[in-house]
Amino acid sequence: MSKKISPYSRESHIGDTLIFSYNSKEQITEINGSHYIYHLRKSIFYYNNKNNIDSVVTTFSPREDLIIDYKRVDIFSDYDNAKNPLKELVIFDETFYRSLSANNYKYWCAKEYNENNKLTSKKETIFNLKYDENGNVLFNSY
């Protein structure tokens, strides 16, 4: 995927045009684009040495002056050793972050910061993944 366009909708207030950049391992390293009507969006992706997503730092800026309006940091950890069955589902928003890794994360944390870099919100989720007899994760049962 090199570009994703989601038309603006008054009902959902969503409208994105996203440009994807990749490294030599074919991992997404950066996404740039417009978000909604008023902001520019830039996401930088970091991976660990086992080819699992470590974190994503996303900044949102007003169009006029590019000063950061707010920042979101998504952190992923506690990976298993099972093969990720969702690798091919990168095009779906629901599975996007999960599809970026070789294995399956059990911990996700999202932190949001204001323009002064002060933490304004934090969400954490611990996933209790279940596996079949062959060690494959069963996403339909956690």
Side-chain angles (χ1 to χ4, degrees), residues 1-132 135-142:
M1 177 167 40
S2 61
K3 186 176 190 178
K4 180 178 178 183
I5 299 173
S6 300
Y8 174 71
S9 163
R10 290 184 81 141
E11 293 77 30
S12 66
H13 299 290
I14 294 173
D16 282 340
T17 299
L18 304 173
I19 308 298
F20 295 78
S21 300
Y22 295 84
N23 63 19
S24 61
K25 295 181 180 181
E26 298 183 4
Q27 296 168 321
I28 295 173
T29 57
E30 195 169 295
I31 299 176
N32 287 287
S34 60
H35 178 264
Y36 189 41
I37 298 175
Y38 305 109
H39 293 84
L40 294 178
R41 170 182 172 175
K42 179 177 185 174
S43 297
I44 300 175
F45 294 72
Y46 300 93
Y47 298 86
N48 64 25
N49 59 358
K50 293 187 176 182
N51 295 317
N52 292 315
I53 191 78
D54 179 71
S55 59
V56 179
V57 178
T58 303
T59 55
F60 297 87
S61 304
R63 285 189 190 277
E64 304 83 44
D65 53 18
L66 300 180
I67 296 170
I68 293 176
D69 192 22
Y70 71 94
K71 174 174 71 174
R72 178 183 168 120
V73 179
D74 290 274
I75 301 164
F76 309 90
S77 65
D78 194 16
Y79 280 90
D80 62 14
N81 291 317
K83 183 178 176 184
N84 182 355
L86 304 179
K87 292 279 302 167
E88 303 303 317
L89 299 179
V90 68
I91 63 170
F92 299 108
D93 292 338
E94 298 82 14
T95 56
F96 179 73
Y97 284 143
R98 282 222 176 261
S99 71
L100 299 176
S101 296
N103 306 110
N104 309 286
Y105 61 83
K106 299 179 205 170
Y107 176 80
W108 165 77
C109 177
K111 297 178 181 182
E112 291 189 2
Y113 300 85
N114 66 14
E115 66 277 1
N116 298 317
N117 210 31
K118 180 180 178 186
L119 182 66
T120 57
S121 72
K122 179 180 177 181
K123 298 176 192 172
E124 293 178 290
T125 302
I126 297 173
F127 299 93
N128 182 21
L129 301 179
K130 299 199 186 309
Y131 301 86
D132 67 14
N136 299 312
V137 70
L138 301 170
F139 278 112
N140 59 350
S141 64
Y142 71 89

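Computed from a prediction, not measured in an experiment: that's the story for all the values here.
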Exercise. Taking S101 for its side chain and I53 for its backbone only, find out whether a donor-acceptor pair lies under 3.5 Å.
Key: yes

Quiz item: Got a donor-acceptor contact below 3.5 angstrom from the N103 side chain to the A82 backbone?
Solution: yes

Which side-chain N or O atoms in residues 118-127 pair as donor and acceptor under 3.5 Å with protein atoms at least two apart or in another chain?
from : atom 1 : to   : atom 2 : distance (Å)
T120 : OG1    : E112 : O      : 3.1
E124 : OE2    : Y107 : OH     : 2.4

Self-check item: Interatomic spacing from CZ in R72 to CZ in F60 - rounded to 0.5 Å
Solution: 8.0 Å

Exercise. Over all heavy atoms of both residues, which pair between F45 and S43 is shortest? Give the atoms and the distance, please.
Key: CE1-CB, 3.7 Å

Quiz prompt | Approximate separation, where rounding is to 0.5 Å, of N32 CG and F20 CZ | solution = 10.5 Å

Quiz prompt | Q27 side chain near L100 side chain, heavy-atom distance below 4.5 Å | solution = no

Quiz item: How long is the span from the CD1 atom in I28 to the OH atom in Y47, to the nearest 0.5 Å?
Solution: 5.5 Å

Exercise. Report the C-alpha separation of Y46 and I75 in whole Å, then their side-chain angles, then the decisive distance to 0.1 Å, and conclude whether the side-chain contact (heavy atoms from CB on, under 4.5 Å) test is met.
Key: CA-CA 10 Å; Y46 300 93; I75 301 164; over 6 Å; no

Self-check item: Between CG on residue D69 and CG on residue N114, distance to nearest 0.5 Å
Solution: 9.0 Å

Quiz prompt | Under the side-chain contact (heavy atoms from CB on, under 4.5 Å) test, residues paired with D132 that sit two or more places apart | solution = N134, N136, L138

Exercise. Look up atom OG1 in T58 and atom CZ in R41, then write down how far apart they are to the nearest 0.5 Å.
Key: 6.0 Å

Exercise. Kindly compute the distance separating OG1 (T59) from CD1 (I44), expressed to the nearest 0.5 Å.
Key: 7.0 Å

Quiz item: If we ignore angles and hydrogens, is there a donor and acceptor under 3.5 Å between the side chains of N104 and D80?
Solution: yes

Exercise. Looking only at non-hydrogen atoms, find the nearest pair between N84 and L86 and report the distance.
Key: OD1-N, 2.8 Å

Quiz item: Quick one: does N52's side chain get under 4.5 Å of F76's, heavy atoms only?
Solution: no

